[in-house]
Amino acid sequence: DPSACELPRLYKILTFFGECSGLKINILKTEIYLITLDNAAVPQLLQNFPGKICKFPRYYLGLPLHIRKLPKIEVQPLLDKIGASLPGWKGKLLSASGRETLVKTVLSSQPIYHLTVFPEQKWLIRKIDRLRRSFLWRGETPDKVYGGHSLVNWPTSCLPKSKGGLGILELERFTRALRLRWLWFQWKHKDRAWNALELPCDWRDRELFAASTEVTIGDDKMARFLTSSWVNGKTLKSMAPTLFLKSKRKKLTVQMALHENRWIKHLLPLQTSQEIREYVALWEQVGNVQLQEGTEDTIRWRWTPDEEYTTKSAYQIQFEGSYSKLRLTPIWKAQTEPKCRFFAWTLLHKKILTANNLIKRNWPNDPTCKLCGIDPETPTHLCKDCPYSKQVWSQLKSWLQLSVLDSVPMTGSIHRYGRKCRVKFDKRQRKTFDGIIIYFWWNIWKERNRRTFQQKKLTSKSGSKSV
C-alpha cells in the first residue's frame with residue numbers, strides 16, 4: 001500500500017526527469033488507477049499530488065488493460081472495427097477470390113495484436129470467424145447470411161493449401177503460435193521486466209511448447225523438472241503422467257529437484273503398482289544426471305533449421321495430424337485467373353451448387369443436367385461424364401494436340417482423372433495443363449448457368465472456342 005510520503009517523492013522524480021530530458025511534466029493530466037486500495041485513504045494520499053482518479057480498463061498502446069479478466073464489452077470495439085470494413089467493400093460485387101484476398105490480408109490481421117497479448121478468448125474467435133466466413137461466401141454481414149451459403153465448411157477452408165484448404169488463418173491455432181513467443185522470450189531474454197509476471201499462456205500452449213523444444217541442462221534455474229523436455233527431448237510428465245498428477249511441486253526446477261534428490265519426497269508415498277513402475281522409470285532417467293557447472297540451461301526449437309522459434313513453424317506444426325485425400329496444391333500454381341482457381345478448389349471438393357447440392361439445402365432446383373437433359377446433375381457428371389462436356393474436352397484435346405490424354409480412362413472422380421492426365425506431361429508443362437483443365441471446368445460451369453438463367457446455349461464447338 002502506498003504511504004503519504006511516497007507520492008511527493010514520485011513527484012520529485014518526475015520533475016527531475018523533465019528537467020533532464022527537456023520534457024514538460026503536466027501533473028494535472030496524470031491519471032491514477034487504484035488497485036486494492038481503500039477509497040477512504042485516497043484524499044489524504046493525494047493532498048500533495050494532483051491527479052485524476054480513473055477506473056480500469058485503461059487503454060495503453062491500443063490495448064485495454066484490466067486487473068481482472070477483460071469484460072466482453074471492452075473487446076466489442078475490436079469486433080466493431082472489423083465489421084465496419086464490410087459494407088464499404090461491397091463484397092457482393094467482388095469475385096470469391098477477391099473476397100478471399102480481403103479476408104486473408106485485412107480481416108484476419110486486424111485482431112492479431114489483441115490476440116497476441118491476451119489469453120485465449122474462444123467466444124471472440126467465434127465472433128471473428130463468423131464475420132470472416134459470411135464475407136468470404138456472401139460478401140455480407142453475418143445477420144444476412146446463414147449456414148447454407150457456406151459451400152465448404154470453415155475448418156476445411158482454414159486448412160493450409162497443402163492440406164486441401166484455402167490457407168485462411170485458423171485463429172485459434174495461430175494465436176497459440178503467437179503466444180508461444182512469450183515462453184520462448186522467457187528463455188532467451190531473461191532480463192525483460194515482464195519475465196517474472198504470469199504469462200497469457202494456458203496448459204495447451206505449454207504442452208505445445210514442450211513438444212516443440214529440447215532443453216539442455218546446465219546449472220541454471222530455468223528448466224522445469226517435470227514439464228521441460230530435458231530428458232532425451234522428452235518431458236518427465238509424459239513418462240510418468242500418474243506421478244505428475246500426484247506431485248506436490250509441479251513447477252520445481254531441475255536444479256532444485258536434483259539437489260539431494262528432493263524430487264523423491266514430493267512423489268511419496270507410492271500407493272499403486274503403476275506409480276511404482278513410473279517411479280522406477282524416472283529413477284533410471286535422472287538417477288545419474290549431473291549438472292554442468294558454469295553453464296546455463298539452453299533451449300532449441302525443433303521445427304526450424306537454425307533452431308530458433310518462428311511463428312510460422314509453430315503454426316504449421318499444429319496441422320501435422322491433418323490429412324486430406326485431395327492434393328490441391330497444383331491448382332494454386334496453375335496459369336489461370338484467381339477466380340478460376342477458387343472455382344476449381346470448390347469443384348474438387350464437390351461443393352459447387354449443382355442440383356444435388358441444391359437439394360441438400362432445400363433450394364428450388366431441376367435435378368436434371370442442363371447440358372444433356374438426361375442424367376442427374378452432380379459436379380462429377382457436369383464436368384466429366386456429361387456427353388456435352390466430353391465433346392468439348394475431345395475437341396480441346398484435338399485442337400491443342402493433347403493426344404497423349406486419349407489413353408487416360410475417364411473414370412473415377414474429377415480429382416483422380418485430373419491427376420492421371422497431369423502425370424502425362426513434363427513438370428515444366430504441368431502448370432499450363434492445369435490452366436487448360438481449370439478453364440475447361442470454368443466454361444462448362446458458365447455454360448450450365450447460361451442455360452439455367454438466360455435460356456441460351458452454345459454448341460460444343462463454340463464451347464470449346466470459349467475455353
Side-chain angles (χ1 to χ4, degrees), residues 72-73 75-115 121-161 164-175 328 331-332 337-366 379 441-442 445-446 448-450 452-454:
K72 290 185 179 182
I73 192 173
V75 187
Q76 188 61 40
L78 174 63
L79 294 172
D80 294 340
K81 179 182 177 182
I82 298 173
S85 305
L86 306 187
W89 286 341
K90 300 186 184 301
K92 295 191 74 172
L93 303 179
L94 299 174
S95 66
S97 60
R99 296 195 297 268
E100 175 201 353
T101 300
L102 286 173
V103 168
K104 289 181 178 179
T105 57
V106 182
L107 299 184
S108 297
S109 61
Q110 285 179 323
I112 287 177
Y113 180 47
H114 175 98
L115 296 172
Q121 299 167 295
K122 290 189 176 181
W123 70 269
L124 176 60
I125 292 176
R126 286 196 296 269
K127 291 277 189 181
I128 297 172
D129 282 348
R130 191 178 175 212
L131 287 165
R132 296 194 300 164
R133 183 173 63 248
S134 61
F135 182 77
L136 174 66
W137 292 111
R138 288 287 291 174
E140 296 277 11
T141 52
D143 57 308
K144 298 179 181 179
V145 180
Y146 56 91
H149 289 130
S150 298
L151 302 187
V152 179
N153 65 64
W154 189 244
T156 300
S157 301
C158 290
L159 289 173
K161 289 183 176 180
L166 280 176
I168 295 172
L169 283 183
E170 209 272 51
L171 285 182
E172 184 173 349
R173 298 185 188 187
F174 186 69
T175 53
L328 304 183
I331 68 174
W332 305 113
E337 299 170 17
K339 64 180 180 181
C340 299
R341 292 197 289 265
F342 188 96
F343 169 78
W345 174 79
T346 312
L347 169 66
L348 293 175
H349 278 285
K350 300 181 180 180
K351 297 299 183 179
I352 61 173
L353 290 177
T354 47
N356 65 318
N357 287 322
L358 293 174
I359 291 172
K360 294 177 183 177
R361 291 166 168 78
N362 291 321
W363 290 358
N365 68 92
D366 178 2
W441 294 333
W442 173 253
W445 179 245
K446 288 177 65 178
R448 179 263 186 194
N449 291 336
R450 186 181 295 110
T452 301
F453 302 109
Q454 300 178 12

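Just so it is clear, the model here is predicted, and its values are computed rather than measured.
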Tell me, do Leu107 and Leu102 make a side-chain contact under 4.5 Å, heavy atoms counted? no
If we ignore angles and hydrogens, is there a donor and acceptor under 3.5 Å between the side chains of Ser97 and Arg341? no
Backbone N or O of Trp123 within a donor-acceptor pair of the Gln121 side chain at under 3.5 Å? no
Is the shortest heavy-atom distance from the side chain of Ile168 to the side chain of Leu136 under 4.5 Å? yes
Qualifying salt bridge (charged side-chain N to carboxylate O under 4.0 Å, His left out) pairs with a residue from residues 85-107, counting only residues at least two apart or across chains: Lys92-Glu140, Glu100-Lys104
In Å, rounded to the nearest 0.5 Å, how long is the span from CZ of Arg133 to CG of Asn153? 10.0 Å
Would you compute the distance between atom OG of Ser109 and atom CG of Leu169 and round it to the nearest 0.5 angstrom? 8.5 Å
Say you draw a straight line from NE2 of His149 to CG of Leu353; how long is it, rounded to the nearest 0.5 Å? 9.0 Å
Determine whether Phe174 and Ile112 make a side-chain contact, defined as any pair of heavy atoms from C-beta on separated by less than 4.5 Å. yes
Please verify the inter-ring angle class for Trp345 with Phe342; under 30° counts as parallel, over 60° as perpendicular, anything in between as tilted. tilted
Let me confirm one number: the OG-CD distance from Ser108 to Glu170, rounded to the nearest 0.5 Å. 11.0 Å
Between His349 and Leu151, is there a donor-acceptor pair closer than 3.5 Å when you use the side chain of the first and the backbone of the second? no
Parallel, tilted or perpendicular for Trp442 and Phe343, by the 30°/60° rule? perpendicular
Beyond-backbone contact of Phe135 with Leu131, side-chain heavy atoms, under 4.5 angstrom: no
Given 3.5 Å as the limit, does a donor-acceptor pair link the side chain of Asn357 with the main chain of Lys350, or not? yes
Could you tell me whether Arg126 and Asp129 have a side-chain N and a carboxylate O separated by less than 4.0 Å? no
Do the non-hydrogen side-chain atoms of Leu348 and Trp441 ever get within less than 4.5 Å of each other? yes
Non-hydrogen atoms of Pro87 and Ala84 that approach each other most closely: CD-O, 3.5 Å
Applying salt bridge (charged side-chain N to carboxylate O under 4.0 Å, His left out) to Arg448 and not counting sequence neighbours gives Glu377
Any chance you could measure Thr175, atom OG1, to Ile128, atom CD1, to the nearest 0.5 Å? 9.0 Å
Non-hydrogen side-chain atoms of Ile82 and Arg132 separated by less than 4.5 Å: no
Derivation and outcome, side chain to side chain contact (heavy atoms under 4.5 Å, CB included), residues Asn449 and Lys446: CA-CA 5 Å; Asn449 291 336; Lys446 288 177 65 178; 5.8 Å; no
To the closest 0.5 Å, what do you measure between CD (Glu172) and CG (Leu124)? 12.0 Å
Within the 4.5 Å heavy-atom criterion, are Glu337 and Ser95 side-chain neighbours or not? no
Between Leu347 and Pro379, the two heavy atoms sitting closest are CD1-CB, 3.9 Å
